[in-house]
Amino acid sequence: MKEVFDKGLFRGTIKFDEPMSVHTHLRIGGPVEIMVFPEDVVSLKNVLFAAEREKIPVFVFGAGTNLLVGDGAIKGIAVSLKAFRSMEYVRESDDRKVVLYTGAGVPLASFVNYARKNGYAGIEALVGIPGYLGGAVYMNAGSFGAEIKDVVVSIAVMNMHGEITILDKDEIGFSYRNSNLPEGSIILSANIILEKDNPDEVAKRTNEFLKKKRSAQPLEELSAGCVFKNPEGDAAGKLIESAGYKGVRKGGVEVSRVHANYFINRGEATGSDFIALMETVKAGVKEYSGIELEPEIKIIGKEKLN
Ligand SMILES: Cc1cc2nc3c(=O)[nH]c(=O)nc-3n(C[C@H](O)[C@H](O)[C@H](O)COP(=O)(O)OP(=O)(O)OC[C@H]3O[C@@H](n4cnc5c(N)ncnc54)[C@H](O)[C@@H]3O)c2cc1C
């Protein structure tokens, strides 16, 4: 790996023993051996080639807004494509629709804002969701009944051997807060289709969704978004609240009093606190309702929820 960095085979930022807590919205996470932010596809490829040769594990993250990372040291390389920020107009698919290219590192918020300004409809309901486009596609991010899958045309992915494939929407395996890409897929970009509309109307709808989201979710707090997936026909937040867990705390992590499916870092929270609270809430909801909650957040590092 050293020669990739030393011999000019990598453009971008490299960090060693970098705490993941600096790169997660929860502000939790131990140090990772190597963290890279490549600026182009060739640099990404060169890192992957070296990692494969040297058998170094690689994991991908975006803005870390849906991640819980354990407290211990993490072996391997963490890759984020936050520098893949280009956003381009591709074509008009007919006189009412436009196709836009978005790099994996484009913040979803910037993209929603761009659509609002230009009067492109289709992603108004995704306003207020943090993170990057790559993460949004991987997680099939959604809100108020809309999901990113509704507007994705295709994506470009690189596998761990550095090979690039274009996948059409129906090859991505989208489901509720999930995609089903082959293991080790790194999303490089997505082509998104939106509908031309009146900018005032798009802005109005976007603002209404944001107002609704702000009033129901603790957006300004340190969280990882919804901790558990909504079970079929039910809402995880409601179940947690009904089971009596609003405001319950383990160490530095608290079940939000605003929305019980958000767990908040109140200061010195650790990954172990978070996992302990998840286990307590999961067991409590099971006892109260018979329903087994499944994590929505992605967990990296030593601790795992059984
Ligand atoms: C306050 C708050 C509100 C939220 N509200 C919502 C909401 O309303 N709806 C919703 O769906 N989510 C919500 N979330 C969760 C989160 O914002 C989304 O899931 C977001 O799309 C994750 O993007 P990210 O870049 O932060 O991904 P990360 O958290 O960094 O990663 C999430 C997963 O995606 C994978 N991943 C990231 N980038 C790539 C890539 N380029 N290629 C391959 N895999 C990748 C990672 O490996 C990981 O498994 C919220 C989170 C917070 C903190």
Side-chain angles (χ1 to χ4, degrees), residues 20 23-29 35 37-38 41 44 48 57-69 77-85 102-112 123-150 152 155-160 164 167 172 174-190 209-210 212-214 216-230 235-237 256 258-259 261-265 295-301:
M20 279 299 294
H23 303 274
T24 58
H25 200 261
L26 261 179
R27 300 286 175 267
I28 292 177
M35 186 181 284
F37 300 94
V41 165
L44 173 62
L48 296 178
V58 175
F59 74 91
V60 191
F61 71 107
T65 64
N66 216 196
L67 283 188
L68 170 64
V69 183
I77 307 179
V79 178
S80 172
L81 301 191
K82 80 173 194 184
F84 284 41
R85 284 199 172 214
T102 55
V106 170
L108 184 58
S110 310
F111 189 51
V112 170
I123 50 170
E124 298 92 321
L126 305 188
V127 67
I129 304 180
Y132 302 150
L133 247 299
V137 170
Y138 187 85
M139 295 301 301
N140 188 20
S143 206
F144 305 112
E147 295 174 308
I148 195 84
K149 81 165 172 47
D150 304 337
V152 169
I155 60 173
V157 293
M158 185 182 279
N159 65 19
M160 289 289 154
I164 297 176
L167 298 176
I172 301 169
F174 280 126
S175 59
Y176 169 60
R177 299 296 170 268
N178 227 340
S179 55
N180 191 16
L181 296 170
E183 177 137 9
S185 299
I186 303 179
I187 300 163
L188 303 174
S189 64
F209 280 122
L210 185 58
K212 242 182 179 173
K213 192 168 166 71
R214 279 210 175 114
Q217 297 171 21
L219 300 187
E220 314 304 329
E221 310 259 28
L222 303 181
S223 78
C226 286
V227 177
F228 295 105
K229 291 183 182 181
N230 288 328
S256 165
V258 178
H259 188 309
N261 201 16
Y262 279 67
F263 291 7
I264 311 297
N265 177 354
E296 175 175 323
I297 56 167
K298 297 291 177 191
I299 303 171
I300 292 175

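In each ligand, atom 1 is the first atom listed, and ligand 1 is the first ligand listed. The model shown is predicted, which means the values in this text are computed figures rather than measured ones. Only heavy atoms go into these numbers, but all of them, side chains included; no hydrogens, no water, no symmetry mates.
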Sequence-distant partners of Y176, ring pair (Phe, Tyr, Trp, His ring centres under 6.0 Å), two or more places apart:
none
Can you sort out the partners of F37 under ring pair (Phe, Tyr, Trp, His ring centres under 6.0 Å), two or more places apart, ordered by chain and number?
H23
Drop me the distance from N261's CG to K229's NZ, to the nearest 0.5 angstrom.
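If we round to the nearest 0.5 Å, N261:CG and K229:NZ are 12.0 Å apart.
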Among I187, I172, V137, which one satisfies side-chain contact (heavy atoms from CB on, under 4.5 Å) with S179?
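Of I187, I172, V137, side-chain contact (heavy atoms from CB on, under 4.5 Å) with S179 is met by I172 alone.
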Going by side-chain contact (heavy atoms from CB on, under 4.5 Å), name the residues that satisfy it together with S143, two or more places apart in sequence or in a different chain.
I129, K213
Just wondering, do V41 and F84 contact through their side chains at under 4.5 Å, heavy atoms?
yes
Distances under 3.5 Å, N/O of ligand 1 against N/O of the protein: list each pair and its distance.
{"residue": "ligand 1", "atom": "5 (N)", "partner": "K213", "partner atom": "NZ", "Å": "3.0"}
{"residue": "ligand 1", "atom": "8 (O)", "partner": "K213", "partner atom": "NZ", "Å": "2.6"}
{"residue": "ligand 1", "atom": "9 (N)", "partner": "G142", "partner atom": "O", "Å": "2.6"}
{"residue": "ligand 1", "atom": "11 (O)", "partner": "G142", "partner atom": "N", "Å": "2.9"}
{"residue": "ligand 1", "atom": "11 (O)", "partner": "G142", "partner atom": "O", "Å": "3.4"}
{"residue": "ligand 1", "atom": "11 (O)", "partner": "R177", "partner atom": "NE", "Å": "3.2"}
{"residue": "ligand 1", "atom": "17 (O)", "partner": "T65", "partner atom": "OG1", "Å": "2.8"}
{"residue": "ligand 1", "atom": "17 (O)", "partner": "P130", "partner atom": "O", "Å": "3.0"}
{"residue": "ligand 1", "atom": "19 (O)", "partner": "N66", "partner atom": "OD1", "Å": "3.2"}
{"residue": "ligand 1", "atom": "21 (O)", "partner": "A136", "partner atom": "N", "Å": "3.3"}
{"residue": "ligand 1", "atom": "25 (O)", "partner": "A63", "partner atom": "N", "Å": "3.0"}
{"residue": "ligand 1", "atom": "25 (O)", "partner": "Y132", "partner atom": "N", "Å": "3.0"}
{"residue": "ligand 1", "atom": "26 (O)", "partner": "A63", "partner atom": "N", "Å": "3.4"}
{"residue": "ligand 1", "atom": "26 (O)", "partner": "G64", "partner atom": "N", "Å": "3.3"}
{"residue": "ligand 1", "atom": "26 (O)", "partner": "T65", "partner atom": "N", "Å": "2.9"}
{"residue": "ligand 1", "atom": "26 (O)", "partner": "T65", "partner atom": "OG1", "Å": "2.7"}
{"residue": "ligand 1", "atom": "29 (O)", "partner": "T65", "partner atom": "N", "Å": "3.1"}
{"residue": "ligand 1", "atom": "29 (O)", "partner": "N66", "partner atom": "N", "Å": "2.8"}
{"residue": "ligand 1", "atom": "30 (O)", "partner": "G62", "partner atom": "N", "Å": "2.7"}
{"residue": "ligand 1", "atom": "30 (O)", "partner": "A63", "partner atom": "N", "Å": "3.4"}
{"residue": "ligand 1", "atom": "30 (O)", "partner": "G64", "partner atom": "N", "Å": "2.8"}
{"residue": "ligand 1", "atom": "41 (N)", "partner": "I187", "partner atom": "O", "Å": "3.0"}
{"residue": "ligand 1", "atom": "42 (N)", "partner": "I187", "partner atom": "N", "Å": "2.8"}
{"residue": "ligand 1", "atom": "47 (O)", "partner": "V60", "partner atom": "O", "Å": "2.6"}

